Enquirer: 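Just passing along the structure, written as structure tokens.
Keep in mind that this is a model prediction, so the values were computed, not measured. Values reported hereafter were calculated over all heavy atoms of this structure, with side chains retained and with hydrogens, waters and symmetry mates removed.
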Amino acid sequence: MTQRRSYAVGTGLFIVLGFAALAYLATQTTSVANTSRGDTYTIDTRFANVGQLKVRAPVKVAGVRVGSVQAIDLVPGKEEAKVTLAIDESHKDIPQDSVATIYTSGLLGDQYVGIQFGQSKTPVKEGGEIGLTRPAQQLEEMLGKFFGGGSAPDHLGGTFHVTGSFTNIGGLQPGAAVKMAGVPIGSVESVVVKPGAVEATVTLAIDKRYSQIPDDSSAAVFTSGLIGSQYVAIQPGGSPEYLADGDSFVLTQSALQLEDLIGKFLVNGSPSENKPGAQGAATDNAGKK
């Protein structure tokens, strides 16, 4: 009898501890653990797609929780969602040009808002807005990023347009990122080849927060990794004048194809081929008529 009673007590304790562990995990992986931790101030963000983001989801900087999602509302007449963030009062140093992105914890976890600090010395004030955002990413888009050059921020704060002419754009497509110093600042809006032209005109939509781009800057088509997607990289110049809406890049660099690199290698030869005898033979051939 005593043995049966001990067995029953042990089983009961095991069940109780199991439910307690499940309850603890639930509070740590859902919005129950993301309630306010004191005084907060609110800032707004806007996203083209919030995915499964929920109210009370955490807001993080460098993986550290700094606040929570207070409200999610659809902007009247627009395909945009206004997300209000409640940030802890102890974190009032968020730069105005920061980027807010909706991330997913793990592969199938809850979504949260991650903030990447910008370079501005002016912090976002109470009731202010983070204008640069990236929406929730679908699985297929994340796989595309793995092989590609990443995406540009949503241009919910407005854009200005500049163009560039390229003799070869490779696989550049509308929607590709435009980067400066590796930071996405815009996207490719259109790629057009006019009848009879030998160059493609690429129109770039650049966020207005990055309007101070010298007018002698150059634009080049680069590839992310070995087989990644292509994007436009801007190398700032030194002119005191800035590009304005409707201006064009004077200096551009076209996409470099893999076959071009192989061709250059074969034409120039490998280091082992650069022998005095080989050089002499080439000179002789050039000297013959």
Enquirer: Do NZ/NE/NH1/NH2 and the carboxylate oxygens of D110 and K54 come within less than 4.0 Å?
Expert: no

Enquirer: Check whether any side-chain N or O of D97 sits under 3.5 Å from a backbone N or O of S120 as a donor-acceptor pair, and report yes or no.
Expert: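 Yes, D97 side chain to S120 backbone: donor-acceptor pair under 3.5 Å.
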
Enquirer: Do D215 and L243 have side chains that get closer than 4.5 Å, going by heavy atoms?
Expert: yes

Enquirer: For a 4.5 angstrom cut-off between non-hydrogen side-chain atoms, does T84 reach D44?
Expert: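 T84 reaches D44 side chain to side chain.
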
Enquirer: V75 versus R46: any side-chain heavy-atom pair under 4.5 Å?
Expert: yes

Enquirer: How long is the gap from CZ on F222 to CD on Q230, to the nearest 0.5 Å?
Expert: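 Spacing of CZ (F222) from CD (Q230) equals 11.0 Å.
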
Enquirer: Considering only heavy atoms from C-beta outward, does the side chain of T203 approach that of T163 to under 4.5 Å?
Expert: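 Contact flag for T203/T163 side chains = yes.
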
Enquirer: Looking at OG1 of T104 and CG of L53, how far apart are the two atoms once the value is rounded to the nearest 0.5 Å?
Expert: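 That separation rounds to 9.5 Å.
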
Enquirer: May I have the step-by-step check of side-chain contact (heavy atoms from CB on, under 4.5 Å) for D207 and L132, ending in yes or no?
Expert: CA-CA 8 Å; D207 196 283; L132 299 176; 3.1 Å; yes

Enquirer: Looking at every non-hydrogen atom in both residues, tell me the closest pair between A205 and E189 and how far apart they are.
Expert: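 Looks like CB-OE1, 3.9 Å.
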
Enquirer: Flag the pair I94 / P123 as yes when at least one side-chain heavy-atom distance between them is below 4.5 Å, and no otherwise.
Expert: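 I94 vs P123: side chains apart.
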
Enquirer: If I take atom CZ from residue R56 and atom CD from residue Q70, how far apart are they, to the nearest 0.5 angstrom?
Expert: 11.5 Å

Enquirer: Measuring only between side-chain heavy atoms, which start at C-beta, is L251 closer than 4.5 Å to D216?
Expert: no

Enquirer: For P95 and V124, which heavy atoms make the closest approach, and how far apart are they?
Expert: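 Heavy atoms of P95 and V124 come nearest at O-CG2, 3.6 Å.
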
Enquirer: Would you say that P236 contacts M180 through its side chain, given a criterion of any heavy-atom pair below 4.5 Å between the two side chains?
Expert: yes

Enquirer: Look up atom CG in D245 and atom CD1 in I206, then write down how far apart they are to the nearest 0.5 Å.
Expert: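 One finds 10.0 Å between CG of D245 and CD1 of I206.
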
Enquirer: So Y103 and Y112, would you call those rings parallel, tilted or perpendicular, with 30° and 60° as cut-offs?
Expert: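 Judged by the thresholds at 30° and 60°, the geometry between Y103 and Y112 is tilted.
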
Enquirer: Taking all non-hydrogen atoms of both residues into account, name the closest pair between G170 and A255 and its distance.
Expert: N-CB, 3.7 Å

Enquirer: Would one find more than 12 heavy atoms of other residues, nucleotides or ligands at under 6.0 Å from atom CD of Q116?
Expert: no

Enquirer: Measuring from atom OG1 of T45 to atom NZ of K82, what distance do you get when rounded to the nearest 0.5 angstrom?
Expert: 9.5 Å

Enquirer: Check the pair F117, D93 against side-chain contact (heavy atoms from CB on, under 4.5 Å), reporting the backbone distance first and the verdict last.
Expert: CA-CA 9 Å; F117 277 14; D93 56 347; 4.3 Å; yes

Enquirer: Are the side chains of F249 and I234 in touch, meaning some heavy atoms are under 4.5 Å apart?
Expert: yes

Enquirer: Measure across Q111 and P58 and return the closest heavy-atom pair with its distance rounded to 0.1 Å.
Expert: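 It is O-CD, 4.5 Å.
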
Enquirer: Would T42 and E126 satisfy side chain to side chain donor-acceptor pair (under 3.5 Å), going step by step from the backbone distance to the final call?
Expert: CA-CA 6 Å; T42 59; E126 165 78 26; 3.2 Å; yes

Enquirer: Go through T252 and V202 one step at a time and tell me if the side-chain contact (heavy atoms from CB on, under 4.5 Å) criterion holds.
Expert: CA-CA 11 Å; T252 60; V202 179; over 6 Å; no

Enquirer: Which heavy-atom pair separates V59 from V69 by the least distance, and what is that distance?
Expert: CG2-N, 4.0 Å

Enquirer: Quick check on the hydrophobic clustering: are I72 and I43 connected, directly or via other members, by side-chain heavy-atom contacts under 4.5 Å?
Expert: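 In one cluster: yes.
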
Enquirer: What's the separation between atom NE2 in H161 and atom CG in L204, rounded to the nearest 0.5 Å?
Expert: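 One gets 9.5 Å once the value is rounded to the nearest 0.5 Å.
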
Enquirer: Which atoms form the tightest heavy-atom contact between V83 and F47, and what is the distance?
Expert: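 Taking V83 first and F47 second, the nearest heavy atoms are CG2-CD1, 3.6 Å.
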
Enquirer: Begin from the C-alpha positions of Y41 and K125 and carry the test side-chain contact (heavy atoms from CB on, under 4.5 Å) through to its verdict.
Expert: CA-CA 8 Å; Y41 69 101; K125 298 180 180 180; over 6 Å; no

